[in-house]
Protein chains: 2
Amino acid sequence: MPTIHDVARLAGVSIKTVSNAINDYPYMRPATKQKVIDAIAELGYRPNLTARNLRSGRSGLLSLIIPDLRNAYFAELADSVMRAADAQGLSVIIEQSGGEKDRELALLHSDRAQLADGILYSAAGLREDEAHLLTSVSTPIVLLGEHILHGPTDHVTMQNVEGARAATEHLISLGRTRILALGARAGQTDGSAGLRLTGYMQALDEAQLPFDPALVVDIVGWYRFTGADAMRRILASGIKFDAMVAFNDAIALGAMRVMQEFGIRVPDDVAVVGYDDIDEAQYSLPTLSSINPGRDEIATVAIRYLTERIASEVPLAPRDHLSQFELIVRESSR
Amino acid sequence: MPTIHDVARLAGVSIKTVSNAINDYPYMRPATKQKVIDAIAELGYRPNLTARNLRSGRSGLLSLIIPDLRNAYFAELADSVMRAADAQGLSVIIEQSGGEKDRELALLHSDRAQLADGILYSAAGLREDEAHLLTSVSTPIVLLGEHILHGPTDHVTMQNVEGARAATEHLISLGRTRILALGARAGQTDGSAGLRLTGYMQALDEAQLPFDPALVVDIVGWYRFTGADAMRRILASGIKFDAMVAFNDAIALGAMRVMQEFGIRVPDDVAVVGYDDIDEAQYSLPTLSSINPGRDEIATVAIRYLTERIASEVPLAPRDHLSQFELIVRESSR
DNA sequence: GCTCAACTCTACAACGTGGGAGATCCCGCG
DNA sequence: CGCGGGATCTCCCACGTTGTAGAGTTGAGC
């Protein structure tokens, strides 16, 4: 690997002149610059980023901490984040926490995380009341998702209450009255589950529909199989319902599958709306109505907040951003 | 951020002694080491990885170049790779190429890629006859997937021919005789499509079943919607078939969805086997039989090859590794 | 022809760490 | 008591880059 010294020697100039040429320093004779350029080409020289990073104190790397890439929502979020980062010339190191608090904290404090200029942190294990643990991290952080709403730093997320309300209103507008809320979490009022439940209840209230606690189904872990399991329990219990708001697409798909096993028709017998609008919602049978939470907007704003934090000399006050959502109506609720 | 100098000053020793303490240099008095440890704790010192990287010439970063994270196969591959890397204390920078040749090459030669100690390269755009372009990259590379089989470096992949043959044999064993091969690519004999087609044909041969070219369906781009589109064309054409080997799970799921729209029962009318065994195969309706290609093994071996290449003083001869596959029989072919 | 500012380039230092070589100390042994 | 050798620690420097300061050059204006 040739270094800047080799280029300087070949071009017959000082290393600083080579550096100047690379960095478009204005006060250079064109002839000198050309000599440097030629030497760079001849040697195939490329600047050593590590050295540059050491000098500048920046690495151009962001760390994205998410629970699990196999979860389609996070894979698509990662995709959005990487595209937004790429547009800024930044690279992304993805770290999987498995949603475990200990591992999340370990990742935040790991030597590896410290290599990144900033951290996009989609907390799953850490709770609101543990948010103060974040202040001990000197690397700028932007929070994604719901688990920490009022942390010591910026927070970018989706309109959970409004999205769930829109989904529920949509089902009500179809004339449905007994609407399952699939994916609640006992006692949780913040977090995605709690917020979406709030939206669900707001919609019922508005429409003056009675709230039946039996229609609210707790699920720990939003995966296809937990959705399927929950639906089996519901059907076994004999509860009647004519619609379902699922708090993410995975459990909606799992539950739909079980309903179909039991001969329940979607949307005729039960209309279904999911949440997240993952790619698969377009290809399930029937295609799944869903709330598109505005992932690209979340990613873009999060990266902007984070780069601003990185660049800022002074501590910034925490900011909040809620992305635009959109109800996508497909076959499952038509 | 305290540096090693601050620690040295506080502990009353030289910076090298601090360095020695951190790196478990054996010849130290326990008392000295303790002083250093105390000082580190008091200051909250953490070694600067960038400086360490510059000094050592290693970054502990690997670059994983894949077409698209939104594709479940690659998301799950990335997951496996990150776990395998994590076990070695390495971080992974994921770069999405979109499957475009120009972007793939740009990524290989980008300054950012140069930050990584090694590259895991899942080529999609680059062809076999362009493999020589890889030799101009000085960073160690390990190839994943089929697009370049005999490149200038290690290659880790799955047993495509054998897997597709096993899938086809399984369908034949169910008494099926007119088996669609969904996902071929005209004229391609290498690449996943070509290899899997070869396995399909071998199984037919062995069973002395006739080969009907009409049953081989080309698909460009293996997504749910291309699988769905292809199936619509097939049904429109009136070709008769009683089974289907799809060359990945996404097109299998897309095609199944269309079959069900048309009232074709899976597996009664048409038995289906996919390829890749993505998570979703366990949750579709019906659940999808598939070939588990051994992703974890691919990831582990690829990381091992790559770290060996990185550590090696001398150029290594290209190696090949084929992972173990497994036929997973589920409802779609039972 | 002189002055001054702008232009062009260079030497040096510094970012934070770890390798190498050497200085000092201590202990056992003859 | 002197010596050899291991134990322990320090000094110096290099990794490759860029910021700072300044030296030397050029040219416009008078």
Side-chain angles (χ1 to χ4, degrees), chain A residues 1-40 43-61 111-117 138-139 310 313, chain B residues 1-40 43-61 111-117 138-139 310 313:
Chain A
M1 265 297 178
T3 76
I4 204 170
H5 288 90
D6 302 318
V7 176
R9 202 174 312 121
L10 181 59
V13 298
S14 74
I15 57 168
K16 189 62 218 278
T17 298
V18 177
S19 174
N20 286 341
I22 294 168
N23 296 290
D24 287 320
Y25 182 72
Y27 297 131
M28 285 192 76
R29 287 212 313 270
T32 310
K33 187 159 186 173
Q34 192 57 48
K35 270 194 304 186
V36 173
I37 290 172
D38 291 346
I40 287 175
L43 293 173
Y45 164 79
R46 288 170 50 207
N48 180 313
L49 283 193
T50 304
R52 186 177 277 178
N53 294 346
L54 174 60
R55 194 56 243 233
S56 70
R58 298 273 168 78
S59 66
L61 295 172
D111 288 349
R112 271 157 51 188
Q114 170 241 13
L115 196 59
D117 295 335
S138 56
T139 312
I310 293 167
E313 307 286 331
Chain B
M1 262 299 176
T3 76
I4 202 170
H5 290 90
D6 302 318
V7 176
R9 200 174 315 120
L10 181 59
V13 297
S14 73
I15 57 166
K16 188 64 212 285
T17 298
V18 177
S19 173
N20 286 340
I22 294 169
N23 296 290
D24 287 321
Y25 181 73
Y27 298 131
M28 286 190 77
R29 286 213 314 271
T32 310
K33 186 159 187 173
Q34 192 57 48
K35 269 193 306 185
V36 173
I37 291 172
D38 291 346
I40 287 176
L43 294 173
Y45 164 77
R46 289 170 49 206
N48 179 314
L49 283 193
T50 305
R52 189 178 272 179
N53 294 344
L54 174 60
R55 188 61 242 234
S56 69
R58 298 273 167 79
S59 66
L61 294 171
D111 288 350
R112 270 156 53 188
Q114 170 241 16
L115 197 59
D117 295 334
S138 55
T139 311
I310 292 167
E313 306 287 330

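Each chain gets a letter, A, B and so on, in the order the sequences are listed, and its residues count up from 1. This is a predicted model, so every value here is computed, not measured.
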As a test of reading the structure: which of dA11(C), dA13(C), dG19(C) is closest to the side chain of S14(A), going by heavy atoms? dA11(C)

Between NE2 of H5(B) and C1' of dA14(C) the distance, given in whole Å, is 10 Å

Would the base of dT17(C) count as contacting R52(B) through its side chain, where contact means a donor and an acceptor less than 3.5 Å apart? no

N23(B) side chain near dG18(C) phosphate (N/O to OP1/OP2, under 4.0 Å): yes

dC15(C) P sits how many Å from N53(A) CG, rounded? 16 Å

For I15(A), answer base if it contacts any base atom (sugar-phosphate contacts may also be present), sugar-phosphate if it contacts only those atoms, and nothing otherwise; contact means non-hydrogen atoms under 4.0 Å. base

Starting from C1' on dT17(D), measure out to CD on Q114(B) and report it in whole angstrom. 12 Å

Closest-nucleotide ordering on DNA chain D, the 5'-leading residue of Y25(A) and K33(B): K33(B)

Do the side chains of D38(B) and K35(B) get close enough for a salt bridge, i.e. N-O under 4.0 angstrom? no

For N20(B) and dA7(D), what is the distance between atoms CG and C1' respectively, to the nearest whole Å? 12 Å

Minimum heavy-atom distance Y45(B)-I4(B), with the two atoms named: CE1-N, 3.4 Å

Once you round it to whole Å, what is the distance between C1' of dC15(C) and CG of D6(B)? 13 Å

Side chain of P47(A) only, please: which of dC11(D), dA11(C), dT17(D) is the nearest? dT17(D)

Given dT17(C), dA13(C), dT20(D), identify the nucleotide with an atom nearest to the side chain of K16(A). dT20(D)

Minimum-distance nucleotide to T17(A) side chain [options: dT17(D), dG19(C), dT10(C)]: dT10(C)

In whole angstrom, give the distance that lies between atom CZ of R58(B) and atom C1' of dG19(C). 15 Å

Checking contacts here: which listed nucleotide (dT18(D), dG16(C), dG20(C)) is nearest the side-chain heavy atoms of L54(B)? dG16(C)

Rounding to an integer number of Å, can you tell me how far M1(A) CE sits from dG16(D) P? 11 Å

Are L115(A) and L61(B) side-chain neighbours, meaning at least one heavy-atom pair lies under 4.5 Å? yes

Answer with base, sugar-phosphate or nothing: what part of the nucleic acid does T3(A) contact at a heavy-atom distance below 4.0 Å? sugar-phosphate

Return yes if some donor-acceptor pair links the side-chain N/O of N48(A) with the main-chain N/O of T50(A) below 3.5 Å, else return no. yes

Closest-nucleotide 5' rank along DNA chain C - winner of P30(A) and S56(B): P30(A)

Quick one: does Q114(B)'s side chain have a donor or acceptor within less than 3.5 Å of a partner on T139(B)'s backbone? no

Atom OH of Y27(B) and atom P of dG6(D) are separated, to the nearest Å, by 8 Å

Check: dA7(D) base within 3.5 Å donor-acceptor of R29(B) side chain: no

